[in-house]
Amino acid sequence: MLDIRALRSNGAAIRDALARRGVELDLQAFETLDGERKQADIRSQELQARRKSASREIGNLVQSGISVDEAKARVAETLKEIDEQLDQEVARAQAIHQQIEEMLMGVPNPPQDVVPDGLSEDDNVEIRRWGEPRSFEFDVRDHVDVGEGLAGGHLDFDAASKLSGARFAVMTGGLARMHRALVDLMLDLHTSSHGYQEIYVPYLVGPDALRGTGQLPKFEEDLFRIAGERELYLIPTAEVPVTNMAAGEILDADALPRRFVCHTPCFRSEAGSHGRDTRGMIRQHQFEKVELVQMVRPDQSTQALEELTAHAEAVLQALALPYRVVDLCAGDLGFSASRTFDIEVWLPSQQTYREISSCSNFLDFQARRMQARWRNPETGKPEPLHTINGSGLAVGRTLVAILENYQNADGSVTVPEALRPYMRGLETLEAR
RNA sequence: GGAGGGGUGGCAGAGUGGUCGAAUGCAGCGGUCUUGAAAACCGCCGGGGUUUAACGACUCCCGUGGGUUCGAAUCCCACCCCCUCCGCCA
C-alpha cells in the first residue's frame, strides 16, 4: 500500500513513477477525498470529545449525590447536540477512511528509479548470462516428448486430464523421484549455504493474508477459493503465508534479517492465460516451488535483493543449467514489486530463455498492508520493514529444463551430477 | 460431534458500568551508587490516527463485528481463536 503521508507531501513524484508502469493515479480525486476526510475527522473527534466530557460530568455529579436524571438535565444541551450529530459524523468519517483505504489498496507499488522504462516484457533489460547453451548433434525434443518417452516412470498428461482436466501433470517412477530430489537439493542448499530457515506453512489462507501480500483485492480471479463457510484460498505461492508471518508484528532490530525457505505446492487459476503454454508443464494449475523470503531493515533491502537473486542462481549453477538474469521494466513489474529480477533458464526446444524465478523487492509496500514492522533503534518507533522474495526455484520448470538440456540422442536423460546423491546415485533416466 | 473454561500492553496478571489506555510483577531503556559488574534505589516504558514548526492537545483501540447506555475492558447478541475433558480420527 502506498504511504498516505508520502502521497500527501510528494504526490506528483508518486504519480509520475506509477505512470512509468502504465498506471494513472488520480491525484485530484485523492486530494479531494483526503480533504473531506480531514473535515470529517475533525468534526467527529470534536463531537466525541464533547460527549466524553459530558459523560464525565454526569459521572461526577452522580457521585456527589445528585440523581442521574438531574445530572443529565444539567448537560442536556450537549447531549442533544450529540444525539443529533455524533453517530452520523462518526459513520461519515469511517466511510471516508474506508474509501481511501480501498483506493490505496488498489494502487500498485511505484517502480524504483533504477527500473528500466518500458511497458512490456520486450523492454526488459538483460543484465547477465551464465553458462553456454549446449549444441545438440541430433534433433532436440521438448520436455513433453522426452518425459513421455522415459522408461521406469514418466510424464503422463492423459492420466492427469482424466483426473483433473487441463493444466495438470502426473509423474511416476524415476521422474517423480527426480522432481522430489530437486526440492531436497534446493532446500539443502539454501539452509546450509545461504542462511535460510526452513519453514512449513498452511496451503490454505484467509483473505487478510492475501491482502497483505497484494493478491487481494484486485486479483481474486487468479486464485482458487475453496467451497465452504470459511473464506479460504489455495496459496498461489508460499510468499503469501511466509511473508504474513510478520503481519501485525513489531520485530526487534536484532531479529533482522529474517530469512525463510519454504517448499509448497502453488495453485493458480491462470485466468487470462488461456492458450498460452498449453503444451507441457510450463504453466500448470498446481506446481511445486521452493520460495525464498526475507524480512529486512529498510536500508538493507537493495543489497538483500541482489543476494537473494544470487541464492536462486546458485541452484541453476549447481545443476549446470544455462540462464540469464533480466531486470524487469516498469510495465512488466508485478502489482506489489518495486523492482524485480527474473531468472530465465535456457530451453533448447524453444531456443529461448524462460522464466524460472522472479526475485522482487517490495520495499515497505507489503509491510504496510500487513502492518509488519520493526523497531528502529534510532527513532525508538515501530516502522514498516522491507520484504523481499524470489523463487529458488520453480520445481516443475526446473524439471522441464533438465529434461530438455540433459536429453540424449537415444531419448534417455542424464541425471545432473549435483542431483545424483539425492537419487541414490542414479546416473540416467532410461528411455523406453 | 458433546460438555466446560478463557481471550486485557513484549510476557505474566488485576480490573465486572463512571477521570481505566488500564493496578502490580517480570523483561526492556535511562540514571544514582560501583574500579567494573551484580544487587539496591529513582525515573521512563503499548499501538493507530488527527492537529502542531515543535512542546503539546485531541481521538480511537482491552479477540472481531453489532447492540444497550449520558457513559462499556466491564452488560447483551453473533462470530473467530485458544485451553481442558469425552467421542471420532491421519
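What you see is a predicted model, and the numbers here were worked out from it, not measured in a lab. Order of the sequence lines sets the chain letters (A, B, ...), proteins ahead of strands, with each chain counted from 1.
- Taking atom P on both nucleotides, B:U52 is separated from B:A14 by 43 Å, rounded to a whole Å.
- Remark: A:Lys52 is in phosphate contact with B:C60, judged by side-chain N or O atoms under 4.0 Å from OP1 or OP2.
- The gap from the P atom of B:A3 to that of B:A90 amounts to 25 Å, rounded to the nearest Å.
- Taking the six-membered ring for Trp and the full ring otherwise, A:Phe335 and A:Phe219 have centroids separated by under 6.0 Å.
- Using a 4.0 Å cut-off between charged side-chain N and carboxylate O, A:Arg43 and A:Glu89 make a salt bridge.
- Checked by atom type, the side-chain pair A:Glu288/A:His179 shows no donor-acceptor distance below 3.5 Å.
- Within the 4.0 Å cut-off from OP1 or OP2 of B:G48, at least one side-chain nitrogen or oxygen of A:Arg373 is found.
- Here B:C85 sits opposite B:G2 as a Watson-Crick or G-U wobble pair (both hydrogen-bonding atom distances under 3.5 Å).
- Distance CD (A:Gln48) to C1' (B:C70): 15 Å, rounded to an integer number of Å.
- A:Gln371 contributes no side-chain N or O that forms a donor-acceptor pair with the base of B:G47 under 3.5 Å.
- Rounded to an integer number of Å, the gap from A:Arg51 CZ to B:U68 C1' is 13 Å.
- Atom CZ in A:Arg56 sits about 19 Å away from atom P in B:G17, given to the nearest Å.
- With rounding to whole Å, A:Gln94 atom CD is found 15 Å from B:U50 atom P.
- B:C76 and B:C81: their P atoms are spaced 22 Å apart (whole Å).
- Aromatic rings from A:Phe287 and A:Phe168 are positioned such that their centres are separated by 6.0 Å or more.
- To the nearest angstrom, C1' of B:U50 lies 12 Å from CD of A:Gln39.
- When the C1' atom is compared between B:G10 and B:G5, the two are found 26 Å apart, to the nearest whole Å.
- Note on ring orientation: taking the six-membered ring where Trp is involved, the planes of A:His190 and A:His194 are tilted (angle from 30° to 60°).
- Residue A:Ile4 contributes atom CD1, which lies 15 Å from atom C1' of B:U51 at whole-angstrom precision.
- Nearest to the side chain of A:Lys38, among B:G47, B:C58, B:U51, sits B:U51.
- Ranking B:G48, B:U69, B:U59 by closeness to the A:Lys72 side chain, first place goes to B:U69.
- Contacts of A:Ala49 with the nucleic acid, taken as non-hydrogen atoms under 4.0 Å apart, involve only primed sugar atoms and P, OP1 or OP2.
- Between B:A78 and B:G87, the distance separating the two P atoms is 29 Å to the nearest Å.
- To the nearest whole angstrom, the two P atoms, one in B:G67 and one in B:A12, are 32 Å apart.
- B:C41 and B:G31 make up a base pair, with Watson-Crick or G-U wobble contacts both under 3.5 Å.
- Between the side chains of A:Gln94 and A:Gln98, no donor-acceptor pair is found at a separation under 3.5 Å.
- With B:U50, B:G47, B:C70 as the choices, the nucleotide that has an atom nearest any side-chain atom of A:Arg37 turns out to be B:U50.
- Phosphate contact (OP1/OP2 of B:G49, side-chain N/O of A:Arg8, threshold under 4.0 Å): absent.
- Annotation: of the two residues near RNA chain B, A:Arg50 and A:Val68, the 5′-most nearest-nucleotide partner is A:Arg50.
- At the heavy-atom level, A:Arg375 lies under 4.0 Å from the strands shown only through sugar-phosphate atoms.
- Remark: P of B:G49 and CD1 of A:Ile100 are 13 Å apart, rounded to the nearest angstrom.
- In this entry the distance linking CD1 of A:Ile250 with P of B:G9 reads 12 Å, nearest Å.
- Here A:Arg5 reaches the OP1 or OP2 of B:G49: one of its side-chain N or O atoms lies under 4.0 Å away.
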